[in-house]
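The next block holds one structure in the form of structure tokens; read it before the comments.
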Protein chains: 2
Amino acid sequence: MVQSQDLNFTISKLAAHCGVGVETVRFYQRNELLEIPQAQQGATRRYGQAHVERLQFIKKAQLAGFTLREIKQLIALDSTEERSQVLALAQERLQDIERKIIDLHDARDALSQLVNACQTGHAGPCPIIESFETSSSKNKVV
Amino acid sequence: MVQSQDLNFTISKLAAHCGVGVETVRFYQRNELLEIPQAQQGATRRYGQAHVERLQFIKKAQLAGFTLREIKQLIALDSTEERSQVLALAQERLQDIERKIIDLHDARDALSQLVNACQTGHAGPCPIIESFETSSSKNKVV
DNA sequence: TTAAACTGCGTACCATGGTACAGAGTCAAG
DNA sequence: CTTGACTCTGTACCATGGTACGCAGTTTAA
């Protein structure tokens, strides 16, 4: 039955194990993303499996593009049964991501065109700089 | 010959004309992205065409994904003839953008899969939350 | 046992791109 | 000439996601 409680990390071990800094762990604690453990050994707190999992949860959710604020909401929603709210949050996030992808595509296309122009053209003013200059009738950026 | 000097804006007119806030103009001045004009009328500065163009330059370069720091470099490079450095900067920017696009695609795919799972599945724990929980053998996010 | 290393706590600081506001001066219209 | 709107300057503050540091107390290894 010793299976999830066998970990007994100090804060620095926990941080190292999860690939974050000690200060980051404390930062999450301050921001109520990670519980301060009750378990102590003397004055030093001991962290267990649940803390490792929570840190991993945070990291994965960050990778999926959630902000810490949203992750906090997800954690709160997890303990309730508000599955539809989780879905709503995820859908919003998805729309954000899709919007950003479109923006970045636009930016990339404009910029790569400029880079090409700059590599191709041989004389005259730099087309990149030029294109940012006022919009008369020159290359348009975005 | 009066052709670029005919504008005579106060700071608030300039800001309004360019679609930014007065405080933003001052912010750019503090950060040496925009010159403080010599021209004054009494104690009040007067802004001209060059300022309008600079603000437009900044806005366009931002749209292309440059940071203010990079824009400052572009401005500096513009006055030199360091066209190759402009190109290098643009290429770096382009790589950043491409990296971000890939990351966002990954995030989007993972998340949309989760959203689908959540909409499809009818019972059991929320697949979105679940997928962030520790990585045993569940859906991987990113 | 003693020194190094770590812990906990509070607070300040970093970059990024602004936004807000106080206080003093100035400008323009009525 | 007064009133209200605007300007200038400096400084503080906002969110975001951490990072750093000082200090006192504790733990650990030699």
Side-chain angles (χ1 to χ4, degrees), chain A residues 8-48 51 54-75 93 96-97 100 103 107, chain B residues 8-48 51 54-75 93 96-97 100 103 107:
Chain A
N8 189 12
F9 291 134
T10 61
I11 195 168
S12 61
K13 304 282 182 195
L14 173 71
H17 186 79
C18 295
V20 301
V22 170
E23 299 299 336
T24 302
V25 174
R26 294 203 206 284
F27 175 76
Y28 291 159
Q29 290 177 336
R30 274 201 296 281
N31 289 278
E32 299 172 306
L33 284 152
L34 186 67
E35 260 183 59
I36 295 178
Q38 319 76 345
Q40 302 209 172
Q41 204 155 74
T44 301
R45 291 165 184 157
R46 298 290 159 164
Y47 298 80
H51 296 96
R54 172 59 59 84
L55 278 174
Q56 285 170 348
F57 180 101
I58 293 169
K59 288 181 71 181
K60 282 201 197 175
Q62 277 186 313
L63 277 176
F66 289 88
T67 63
L68 294 184
R69 178 177 300 273
E70 288 167 333
I71 294 168
K72 199 167 158 183
Q73 286 180 61
L74 287 176
I75 292 167
R93 198 70 287 278
D96 285 357
I97 290 173
K100 277 184 199 156
D103 289 351
Chain B
N8 189 13
F9 290 135
T10 62
I11 195 169
S12 61
K13 303 284 182 194
L14 173 71
H17 186 79
C18 295
V20 301
V22 169
E23 299 300 337
T24 303
V25 174
R26 295 203 205 283
F27 175 76
Y28 291 159
Q29 290 176 336
R30 275 201 295 283
N31 289 279
E32 298 172 307
L33 283 152
L34 185 66
E35 260 183 59
I36 294 178
Q38 319 76 343
Q40 303 209 172
Q41 206 155 71
T44 302
R45 291 165 184 155
R46 298 291 159 162
Y47 298 81
H51 298 96
R54 173 59 57 84
L55 278 174
Q56 285 169 349
F57 180 103
I58 294 169
K59 288 181 72 181
K60 283 201 196 176
Q62 277 186 313
L63 278 177
F66 289 88
T67 64
L68 293 184
R69 178 178 300 273
E70 288 166 334
I71 293 168
K72 198 167 158 184
Q73 285 179 61
L74 288 176
I75 291 166
R93 199 69 286 279
D96 285 357
I97 289 173
K100 278 185 199 155
D103 288 351

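Quantities reported herein were computed from a predicted structural model and do not represent experimental measurements. All chains are named by letter (A, B, ...) in the order of the sequence lines, taking the proteins before the strands, and each is independently numbered beginning at 1.
Here the shortest heavy-atom pairing between A:A15 and A:V22 reads CB-N, 3.7 Å.
Taking atom CG of residue B:N31 and atom P of nucleotide D:dT11, one finds them 15 Å apart after rounding to whole Å. A:Q41 places its CD atom 16 Å from the C1' atom of C:dG8, with the value rounded to the nearest Å. We find that CD1 of B:I71 is positioned 12 Å from C1' of C:dT16, with the value rounded to whole Å. Note: CG (A:L34) to P (C:dG8) measures 12 Å, nearest angstrom. Look at CD1 on A:I36: it is 9 Å from C1' on C:dG8, rounded to the nearest Å. One interatomic measurement links the two molecules: CG of A:L55 to C1' of D:dG18, which rounds to 14 Å at whole-angstrom precision. We find that CD of A:Q40 is positioned 19 Å from P of C:dC6, with the value rounded to whole Å. Regarding A:E32, its CD atom lies at a distance of 16 Å from the P atom of D:dG17, rounded to whole Å.
Backbone-only engagement by A:R46 is indicated by non-hydrogen atom pairs under 4.0 Å involving sugar-phosphate atoms exclusively. Across all strands shown, B:R26 has heavy atoms under 4.0 Å from base atoms, whether or not it also approaches the sugar-phosphate.
One donor-acceptor pair, N or O on each side, does fall under 3.5 Å between the base of C:dC21 and the side chain of B:E23.
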Give the intermediate values and the outcome of side chain to side chain contact (heavy atoms under 4.5 Å, CB included) for residues B:L68 and B:N31.
CA-CA 9 Å; B:L68 293 184; B:N31 289 279; over 6 Å; no

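Regarding contacts with the backbone of D:dT19, a side-chain N or O of A:T24 is found under 4.0 angstrom from either OP1 or OP2. Considering only side-chain N and O atoms, A:R69 lies under 4.0 angstrom from the phosphate OP1 or OP2 of D:dT16. Taking side-chain N and O atoms only, A:T44 has no distance below 4.0 Å to OP1 or OP2 of C:dC6. Applying the 4.0 Å criterion to OP1 and OP2 of D:dG18, one finds that A:Y28 has a side-chain N or O inside that range. For D:dT27, neither phosphate oxygen OP1 nor OP2 lies less than 4.0 angstrom from any side-chain nitrogen or oxygen of A:T10.
When distances are taken from the side chain of B:A43 to each of D:dC8, C:dT26, C:dG17, the shortest belongs to C:dT26. Which of C:dC9, D:dC8, C:dA20 sits closest to the side chain of B:R45 comes down to D:dC8. Distances from the side chain of A:R30 to the nucleotides C:dT26, D:dA12, C:dT11 place C:dT11 closest. Of the candidate nucleotides D:dC8, D:dT19, C:dG18, C:dG18 has the atom lying nearest to any side-chain atom of B:Q62.
Using a 4.5 Å cut-off on side-chain heavy atoms (C-beta onward), A:I75 and A:E32 make no contact. For the pair A:V20/A:F27, no side-chain contact is recorded, criterion being any heavy-atom separation below 4.5 Å from C-beta on.
Checked against the 6.0 Å centroid criterion, the rings of B:H51 and B:F9 do not qualify as a close aromatic pair.
Mapping A:G42 and A:V20 onto DNA chain D by nearest heavy atom places A:V20 at the nucleotide closer to the 5' end.
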